[in-house]
Structures are given as C-alpha cells and as structure tokens.
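Here the structure is laid out as structure tokens; the discussion comes afterwards.
We name chains A, B, ... by the order of the sequence lines, and we start the count at 1 in each one.
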Amino acid sequence: MPSRRRLLKSAVMAACSAAAHPLLSTMTFAAVPGDNRLVVIVLRGAMDGLDVVQPYGDPLLRQLRRGISGGPDAGALDLDGFHAMHPALAPLAPLWQAGELAFAHAVATPYRDKRSHFDGQDLLEAGTGNDLPIDAQKGGWLNRLLQDLPGATAETAYTVGPEEMLILSGPARALSWAPDARLKLSAQAQLLLAEVYHDDPLFRQAAEDAAEIGSSVAPMAKGEGRAGDAAKLGRFAAERLNGATRIASFSLAGWDTHARQPQVLARSLGTLCDAIIALRDGLGPNWAHTTVLAMTEFGRTARENGSGGTDHGTGGAMLMAGGAVRGGRVYGDWPGLGEGQLYQDRDLMPTRDVRAYAGWAMRGLFGTDARMIERTIFPGLDLGTDPGILA
Amino acid sequence: MTLTPDFPELAAIRLGYGLSPLAPPPADAAEVLASCVRAAIPDDPWTAALAGDAQISLSEARKAREEMTIPDDEFRAVTQKLNAERLAVLQRRVARAVAAPAGFGERLVQFWADHFTTVAQNPPQHLMAAAFVNEAIRPNLAGRFADLLFAAETHPMMLVYLNQNASFGPNSLFVRRRPERNLGLNENLAREIMELHTLGVGADYTQADVRELAELLTGLTWNPREGQHFRPQVAEPGAETVLGRRYSGKGTSGLDEIRRAMVDLARHPATAQHVARKLAVHFAADDPPPDLVRALAAVWQDTEGDLAQVYAVLATHPALAATFRHKARQPFDFLVASLRALGLDRAQVMAFDGPRINQSLWIPLAQMGQPFGRARGPDGWAEAADAWITPQMLSARIAWALQQPQRLTNDLPDPRAFLSEALGGTASERLIWAVPKAESAREGVAIVLASTDFNRR
C-alpha cells in the first residue's frame, strides 16, 4: 500500500501537470474580510429556553413547571438574581464570569402556530419571514451575508459535519467538510473521475471540493477519534477559522425533550458545552474576535407536559459566546408568564425577532449595511434598537 | 442524460436496486408489481415481543452489574450479543434487497419505513425497529394505506419513539389518582401523524386538531412486559373532535375509535395529495412532473388508498422515463446496487461476519450520511440529490468503491465487463471512454461505482 503522503504527493504532481483541470484547481488565498469570526450553531429539535435560562425570579415558573426548571434551589447557576442557567451548562460558567457568555430570552423567528420542527428549522436557516411559502424559499441567510462580504472566497465560509445545511446554501460558494472524511485517490483515478463527473455540476463541484479540502486537512491525531462528535466539530471549525475562514456553521441535534427532559436536555447541553469549549481552545487568541450564536427553531410550552417534558412552543432563548460578545448578561424584554402574557395561553411570548440579534452581530462584526440586513439578508426584519451584544 | 433505456433496465434502475449479472431485469410491469407481493412476506425473526424481551434482559443485566451481582464480563457479553443482533438486522435487510429479482417491493419497504420514520436510540430499539418493519410495514405493503397507517402508528416502536407511551389523559382516572406525578398529555405522535404521515404540514388543520387527536390517542400504550395494549383508565374521558368529526363518544371502545380516526385521515384528500407527491419525489424526481403527482393522487382518491393500484400507475407512468437519472441513489440504495452489480447473492451477503458487516455496510452508511435506523428526526431522510452528494459524502462513496469490492469478491471483474453488468445500455460516453483507461482493475471498478451514471437513478 502506498502511504497517504505519497498519494498526496502524486496528486500534487498531477496538479502541476494538469493545472487547467477542474478537479485539481489549486487553492487560492484571497484577502480575507477582516479579523472577526462568526459561528452559527443550529440546535435542531427546539431547545427549551425556559429550562436553559430559567427565569426563576418570576414566581409563576414554579406553578407551570413542577418537575423541571427548579432554579438555583435545584442546582441551576444563578446569573443575575432573576435568571439561572441549567446546571448542565456549568462548564461554561467561567465564560460567564469572563463576560464571554450571554443569552437572549423570549426570542423567536417569525414562524408561528403549526409548530413543525422541519418548517421551523427551514425558516430559521432561510432567515426569511412568512411572506413566502416555506418550500418556495431558496438559500440561507449566511449565504446572503457571504454575498455581501467584500473579498469573500469559497474558503470564507464553511459548514462542518456530515450534513448539508440550508443556512449556507445559495449562489455564493462555500465549503463543507466532515472531520472524519478522507479521499485517497491516485492521480490517474482523479483525472478519470473528473472526466466522468464533467457534465454533472453537482458531482463535479462536490468532487472538486473534496479534492481541495481533503488534501489540506490534517488527519486527526490518534486518540482524537474517541472524543465526542461535538468536540470534533468545534475543533475542526476552529482549525478552519484560524485559517482563511470567517464564517462557520454546524448543527447539534437532540433538543426535542417531550419526555425525561432532565436527562435528555443535560446530555444535549453537555454536547453544546463540548463544542463551545473546543472552539475556544482551538481558536486561541482568535477567540477574542469570535461570536458564537446558538439558535433553535422555536421554544417549548411554558407548562411542563404530562411526561416530565415539554411540547412544541414558540418563544425561546438564544445563546451567545465568544471574546467578541458583551457577555455576563441576559438580553431581552421579559414578557411574563401570567394569564394573558403567554402566547396562545401556552408558550413564552416572543418579544423580539431572533434575527435582530444576528443582524446586529453581523453589523458589528462585518460592518454590513443595515438596509442590506433588513431587505436582503433578513427580508422584512425590523432591526430595531441596538441591543449592544458585542463588546 | 438524454438517453432513455428500455422498460426492463429502466424499471430495474428506477424502481429497483439496479442490474445484476445473476438475473435479468424485470420484463414487464407485472413482474415489477409481483415483487411487492413477495416483499410483503415478513421473514425477520424479530417481533415486538422478542425485542421487548431483549430490552428487559439488557436492563436486568445493567442492574445486576450495578449491584455487582454479575461480573463485567457477563454484562459485556450481553451488550456484545445485542450489537451483533443489530448488525444482523442490517445484514438481512441488505441481503433480501440484493437478492430480490425486481427489487421494487424492497424499495417500497425502505420508502414506507422512512415515511413512518422511527429512530433507534439503543441496540434493543434496533431490534424493535426490525420488528416494526416486519410486523407493521411488510404485511401492509401492498394493501390499503389505512391499514398500513394504523399498524405503523400503533406499533410499539412508534409508541416509544414519538412518546405515546408517556401521554396521559389529563382528566383520566389514572392521572386524577396521582396528582403528585404531574402526568398529562404528550402531543408528539398526534402532531407527526397529521404533519408527516397523513395530511402534510400545508393542510388545513390546527393546533386544536393536534390536541384533540392526542387526547383520542391516550390509553394506547406499550411496555416490554405487557406488550401493546389500550388502558381505558389512562384515556381522556369524553368525545374528541378531529377535523370536524367526533370520536370516542359514549359507549365506544378506545382502539376502535383510534382506527376510525386513522381510516378518516387516510381517506382525506390532503393525504392522497401529500403521499402521492412523496412517492413521485422518491421514485421520479426531486421536483416531480405534475401529471405524475396528479395521476397518483387520482388513483389514490378513487381507490381510497389501495396501494397496489397506486404502484401500478407509478410503474407504468411515462414520467419514469422522462425523469431518468433525476434522482441520486441514497447510500443504502448505493450499497445494495453495488453488491448486486458485483454479482453477490443472498447467501454471500449472509455469510458476512460481524466485522465485515461493520466495515462494509454499517460504518460506510454512516460516512455516506445515512446511519442505519438513525435518521435525524421523524421527517426521515432527505430526498434532494444535493443533500447526498456533498464533498464529504461523495468521498465516502468513492472510498467504498475503491476499498470494498476487492474484499467482497474473490476476483475483481474486468472493469469493461463490469461496466456493462452494472449499467447495461445506460452508460454515458464519458464513462465508456474513462473506464478502460484506469491503471488497475481496482480503480476501473471504482470509477464505475463512483460514476454519476451509477449514483443516479
């Protein structure tokens, strides 16, 4: 068996002799748009904002939830005398202390009423409002941001992990890769496959990207494989962000806590902590220029359901982390949990569009024009006043 | 991609798992449809009762280990056996698909198991998922949709996955006697029945309908010791109104009323439209020709969801030829089609040992983006080609095509002969040009299996 190094070497040699070949286009290092970095984590399954950031200062919470969201008495970490964060977020407590962790409460996308995960996630990733039918919406909001970034190249934005993500799909080129993926082909086989894929843009592009990324990614060191998937995603994203990449996105599943919420949510929050800590450790000094937004499709019912869980709701919470974040606080207007204050008498009432926070983040990080954000990236959004989430 | 093959090759590639040197493609539509009858015969050893026993054994072994009454080795033996059984479920599914002459029936098993997605969270649930396919999907494969729907929604695998087991009528006797336990309704199954399994999210139903259906479903439950059963003391008292119809009034029986609601949902015009479109998307194109969707919805409506008649319209519709290679083969299809093209038969697949199943099937499926029995959520696998042909997933297909064929066959075929066995008369000029130029048989075979021609259908 030839070694991996030899295969790579032969691929590079073939690249020199066949530079015009599409499969073997060399990597280009264009000027990167600034130093700031944005990571968007999509939390699939509808995270229960009221359990993650527990508004224990509102006495009604105890009445609505008897077995979950018990506040500091049940081990949650007090944040500001009104909110407490879920005990499973303890690994992030040092970030809160350092002012590198914040939350926005009572947020939602414009999606309402049917409470479908899949439509909710599509709308979250598309970044649009309800003006178009969901299946007619094309492309994601990170892609529209990318189109507006001067000097952006394919390397500027990455989706990380095994799945294709709507949030970065669209006309602007972006790359996607999974930490475990490998491509080992002889130069001749690469050339022949390039020929075979020539007339099929989907296969041609995927193979070009695979050849390009596969040869530039360092193989995982021994022992790293055993670490959790979330940590791997975070580490891989950090590696790209330390290079030419400025925008990265991945998703974490496991938030649909219809039953046994204490166990299920603790596990999912654990993976979210792993991902964020891997990002911070991997980014090193670049962490200071990084904003992580962890967003979900909607929140869950204000009342605990009959199985120690919660059902699909509306308003929820967003988590923000990074050295670029003005942390140590919970943002948002608290709507209350009393009669007439809940949405449809069941869900936390959203008091702000979650897209407004993302919009202000991109304004601060990339200087994106407000009209561009309100008309193109998040069509129909009212950015409103600046919540001041960036340090 | 302008070329359209004759019916046999078209049917084998689009409706089945592709060509095999061991058997000719189906000669006509009758042969294609006969495969549905064959696939309807259950043959997996797992039943819900046996899978329940496996779950009990695991919990008992876990408890015994914690109480230190059995050594770690003994506990490990239990989990290792479960893991082996889990691999064997995939092995049998693949073997049956590899050997099915026309393949359409086996493709439909995958289609319906995905329409009624359940996700296995641990090894015993993989066995329960096998029982689900065996007991709910296969026997109803070519019958009435209403029967398939009822069997799927009431199967233990579904009751566990969508939390029906944890749903209690808020005013039921059971809940009123246990105020301290804070029990009540869980909407999960009711919502997905309407949104995913029948009407579709765009249909005209409301949160109140979801709620009422959830109340109607209370009482339907499963546990490993008693199996699936209806517990009247858990059911919400009084009638429910779902989509304007009343159920569960005075003097009715719980499970019968649930069946009546499933029959009404199956008959609803929105269901015909939703599922007809899903079939068209799966078998024809991500953006299917409207006349195909119309024809499927019409026969569905006319026959009240007689699936055999719906399949007959699909198998003979001209849209199948018109949209040739508009779809990307999903990873499971890719593996089965590859094994078929390499000339493996059922006995050869059944002879794989555990490590072989793991290396050649289980791990590659996950790397290609389709971990067996582990869809991301209840909406199942993506249909769009670009969800499967990403750089990382295409790399996994190419890697499989390079490494696995030589491990699975005694002699690698001559790549030129293999090209015609795998693709018949459908190979493109570029592929015919490229294959003989490969430096080795290994790479020649890999180029065929990794090609656009082979990965589309």
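Contact check on A:D200 versus B:R325 returns no salt bridge, with no Lys/Arg side-chain nitrogen under 4.0 Å from an Asp/Glu carboxylate oxygen. Salt bridge A:R44/A:E125: present, at least one basic N to carboxylate O contact under 4.0 Å.
Among B:A450, B:A387, B:A396, the residue making the largest number of heavy-atom pairs under 4.5 Å with chain A is B:A450. Listed options B:T390, B:T206, B:N188, B:I447 were ranked by heavy-atom pairs under 4.5 angstrom with chain A; first place goes to B:N188. Contact count versus chain A (heavy atoms, under 4.5 Å) is highest, among B:Q367, B:R376, B:E192, for B:R376. Between chain B and the residues A:S116, A:G161, A:S169, A:G309, the most heavy-atom pairs under 4.5 angstrom are made by A:S116. When each of B:N163, B:L183, B:N182 is checked for heavy-atom pairs under 4.5 Å with chain A, B:N182 comes out on top. Put simply, of B:G444, B:A382, B:P378, the one with the most heavy-atom pairs under 4.5 Å next to chain A is B:P378. Listed options A:A259, A:S176, A:A178 were ranked by heavy-atom pairs under 4.5 angstrom with chain B; first place goes to A:S176. Chain A forms the most heavy-atom pairs under 4.5 Å with one residue out of B:N186, B:V175, B:L394, and that residue is B:N186.
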Stepwise, does the salt bridge (Lys or Arg N to Asp or Glu O under 4.0 Å) test hold for B:D114 with B:K278? CA-CA 11 Å; B:D114 180 55; B:K278 247 186 112 163; 5.1 Å; no
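In this structure, chain B has a heavy atom under 4.5 Å from the side chain of A:E304, while its backbone stays farther away. Only the side chain of B:L196 comes within contact range of chain A, judged by heavy atoms closer than 4.5 Å. Contact of B:A401 with chain A is not made at all, since no heavy-atom distance falls under 4.5 Å. Of the two parts of A:D311, only the side chain, counted from C-beta on, holds a non-hydrogen atom closer than 4.5 Å to a non-hydrogen atom of chain B. Contact annotation for B:W388: neither backbone nor side-chain heavy atoms come within less than 4.5 Å of a heavy atom of chain A.
Looking at B:R430, its side chain never comes within 3.5 Å of a backbone N or O of A:V196 through a donor-acceptor pair. Panel note: side chain A:E297, backbone A:G45; a donor-acceptor pair is recorded below 3.5 Å.
No side-chain heavy atom of A:H312 sits under 4.5 Å from any side-chain heavy atom of B:V210.
Atom CG of B:D386 is surrounded by more than 12 heavy atoms from other residues, nucleotides or ligands within 6.0 Å.
The only option from A:R346, A:R303, A:R115 that meets the salt bridge (charged side-chain N to carboxylate O under 4.0 Å, His left out) definition with B:E187 turns out to be A:R346.
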